[in-house]
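Numbered from 1 within each chain, the chains take letters A, B, ... in sequence-line order. Everything quoted here is computed from the prediction, not taken from an experiment.
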Protein chains: 2
Amino acid sequence: MLTRTPRGSPNKNHLLARGIMLWRCIADDFEQMILVGKYDNAERLPAESEIAARYGVNRHTVRRAMSELAVRGLVRTERGSGTFVKTDKLDYRIGERTRFSEIIAAAGHEAEGRLQGHRLEPASEEIAVRLGLKPGDDVVRLEIVRAADRVPISVATTWLDGQRFCDAAKVFRQLRSVTRTLDYYGIVGYRRKWTRISAAFADAVDAGRLRLSVHRPILVVESLDVTSDDKPVLTTRGRFAADRVALIVES
Amino acid sequence: MLTRTPRGSPNKNHLLARGIMLWRCIADDFEQMILVGKYDNAERLPAESEIAARYGVNRHTVRRAMSELAVRGLVRTERGSGTFVKTDKLDYRIGERTRFSEIIAAAGHEAEGRLQGHRLEPASEEIAVRLGLKPGDDVVRLEIVRAADRVPISVATTWLDGQRFCDAAKVFRQLRSVTRTLDYYGIVGYRRKWTRISAAFADAVDAGRLRLSVHRPILVVESLDVTSDDKPVLTTRGRFAADRVALIVES
DNA sequence: CCAAGTTGTCTAGTTTAATAGACAAGTGAT
DNA sequence: ATCACTTGTCTATTAAACTAGACAACTTGG
C-alpha cells in the first residue's frame with residue numbers, strides 16, 4: 001500500500017511518484033491489488049470515504065481514481081450500494097462465424113467499433129500471401145478499436161485488397177461494422193478460415209488505445225476470412241486485452 | 001516520440017498519459033531515448049526552446065523535465081552551452097579495501113551517505129552465519145542511501161552485531177560514514193572478506209530511493225567485512241543502480 | 001570584441017488537481 | 001417506514017502545473 005503524509009502538511013512526497021497525480025497513484029494501487037487477487041471478482045471495495053481516510057486524501061480524489069478503474073474495466077460502481085470488482089472475462093468464441101458485434105450483443109453488451117486510422121499501403125510478403133495478391137500490391141489497412149459497454153476489448157489491424165475495397169475506410173466509418181462494410185461490397189457469407197493465437201505485452205500505442213498499462217498481457221489473434229466460395233477477403237492482426245477477454249475455441 | 005495537440009486548443013490527450021504530468025511524460029520520453037542509445041554519451045540535447053517547440057509546450061515545462069533527468073543522473077546541464085547526456089558509469093572497484101567515500105572522492109566526486117532507517121532485529125539464519133552469531137541474536141540493521149554528486153548510487157542494508165554496536169545508527173547519523181562509525185568503536189583496519197554479485201530489477205521502494213524507474217536493473221552486492229584479525233564485523237546487501245555504476249574486480 | 005545562441009531567473013496569468021463541506025438520491029436491512 | 005450507509009452532485013477555495021514573455025548571465029565561434 002502507498003502511504004502519504006496523512007494530512008495538514010502539504011505533500012512532501014516528491015520522492016515517491018514525482019509527476020504522477022494523486023488519483024492516478026491510488027488507481028494504480030488498486031489495479032495492482034485487484035490483479036494480484038487481493039479482491040475477488042464481485043467483491044465490494046471499501047467505501048469511498050474509507051479509502052479516502054486510509055490514504056489521507058479527499059473523497060473526490062478517490063472518486064477520480066475509481067472513475068479511472070471503471071474506464072479500465074476493472075470495477076463497476078453502483079449508486080447507494082458500492083463499487084464492485086469486475087475481473088470476470090468476456091468469453092469470445094472463435095469459429096467459422098466470428099463477428100465482433102454479434103458476439104458482444106449475444107453476451108448482452110453494447111458493441112462499438114471505432115476506426116482510429118487507415119492507409120493505403122503496399123502489401124508485405126506475409127499479407128500478400130494471405131490475401132492472394134502480389135507483394136507490393138495496394139492494400140487498405142484499417143486500425144479499429146472495439147469496445148463492449150464502452151470498455152475497449154481489442155484493437156485490430158485489418159487488411160483488404162486495395163483495388164476492390166479502396167473506399168473501405170469511408171464505408172466503415174459510416175456503417176461502423178466490418179460485416180456491414182463487406183455487405184456493402186456485396187459479400188454476405190464470409191467465414192473464418194484460420195486463426196492464430198499468441199501472446200505478448202501491450203506496446204505504448206496499443207496500451208493507450210486499450211486503456212491498459214504497458215506491462216499488461218495481450219492476446220494476439222491473427223486470422224484470415226474468406227468468402228463463401230473460399231476466396232481470401234480480409235486478414236487481421238488483433239490485440240485483445242487479456243485481462244478482459246478469454247478466447248474460446250470449440251472442437 | 002510523444003505527440004500532443006500542438007497548441008491553441010487545450011490538451012485533449014486525456015487518452016495518452018492520463019494522470020501523468022506533462023513534464024514527467026517528456027522526461028520519461030527522453031530517458032527512453034537516451035537509454036535506447038538515440039543519444040551518445042556526451043552528446044548535446046536539442047536546446048530547451050527547440051524541445052519546447054517540438055512538443056508544443058512551454059520552455060518552463062521542458063526545464064522541469066530536464067531537471068528531473070538531472071536528478072536521475074542522466075544529463076548534466078551547462079549554462080550558456082546546453083544539456084549533455086551523461087550515461088558513462090562510475091567505476092566502483094571492489095577489493096580488500098572497499099570504502100564508498102574513498103572510491104567516490106578518488107574519482108573526483110562528492111560522496112554522501114544518508115541513513116534512511118534502522119532497527120534492532122533478530123538475526124536470520126543467513127545473517128547469523130555471516131556475523132558468527134546465533135540465529136535470533138540481536139543485530140542492528142541500517143538502511144543507507146549513498147550518492148555521488150547528489151545522484152543516488154546505491155542503497156545498502158547493513159547488519160552489525162546488536163550487542164557490540166547497539167548505538168550504531170546514532171553514531172552513523174553523526175559521522176555519516178561506515179568507516180568512521182567503526183572507527184568510533186575502535187575498529188580501524190577492517191577489510192572485505194568476500195563479495196557476491198548478482199542482478200535484479202529495482203522494486204518500488206529501492207526505485208524511489210535511487211530515483212530510478214521500477215523496471216531498471218540493479219546490481220545486488222552482498223558482502224562480508226572482517227576486522228584485521230579476521231573476525232566478522234559487518235555484512236551488507238547493497239543494490240547499485242546499474243545505469244550509473246560498473247563494478248570492477250581485479251585479480 | 002561581437003553576435004548568435006544557450007541556460008537561469010523573474011513576474012504575471014490561466015488552468016487544473018486537490019481540498020472542504022453540504023446535501024440529494026439510492027440501497028438494504030430491520 | 002425508517003435508519004444507517006452508500007454513491008452522485010453541487011459550490012467554493014487553495015495549491016500547483018502550465019503558459020507567456022522578458023531579460024540577465026554565460027558560452028562559443030567568427
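Contact annotation: B/R79 side-chain N/O to D/dT27 OP1/OP2 distance is not under 4.0 Å. Close to C/dG8, at under 4.0 Å from its OP1 or OP2, lies a side-chain N or O of B/T77. Here A/T83 reaches the OP1 or OP2 of D/dT7: one of its side-chain N or O atoms lies under 4.0 Å away. Listed pair B/W23 / D/dA17 fails the phosphate criterion, with no side-chain N or O lying under 4.0 Å from OP1 or OP2. Between A/S81 and C/dG26 there is no side-chain N or O to OP1 or OP2 distance below 4.0 Å. When the side-chain nitrogen and oxygen atoms of A/S49 are compared with OP1 and OP2 of D/dT7, none of them lie within a distance under 4.0 Å. Note on B/R59: every side-chain N or O is 4.0 Å or more away from OP1 and OP2 of C/dG8.
Side-chain contact, B/S213 with B/E31: a donor N or O sits under 3.5 Å from an acceptor N or O. Between the side chains of B/T158 and B/T236, at least one donor-acceptor pair of N or O atoms lies under 3.5 Å. The closest side-chain donor-acceptor pair between B/R239 and B/T157 falls under 3.5 angstrom.
Minimum atom distance to the side chain of A/V57 is reached by C/dT19, of the listed D/dT19, D/dT6, C/dT19.
Positionally, the nearest nucleotide of DNA chain C for B/L45 lies more toward the 5' end than for the other of A/G80 and B/L45.
Using a 4.0 Å heavy-atom distance criterion, B/R24 is classed as making no nucleic acid contact.
Between B/E48 atom CD and D/dC26 atom P there is a gap of 16 Å when expressed in whole angstrom units. Summarising the geometry, the separation between CD on A/E50 and C1' on D/dT6 is reported as 12 Å, rounded to the nearest angstrom.
A distance of 3.5 Å separates CZ in B/F30 from CD1 in B/I51, rounded to the nearest 0.5 Å.
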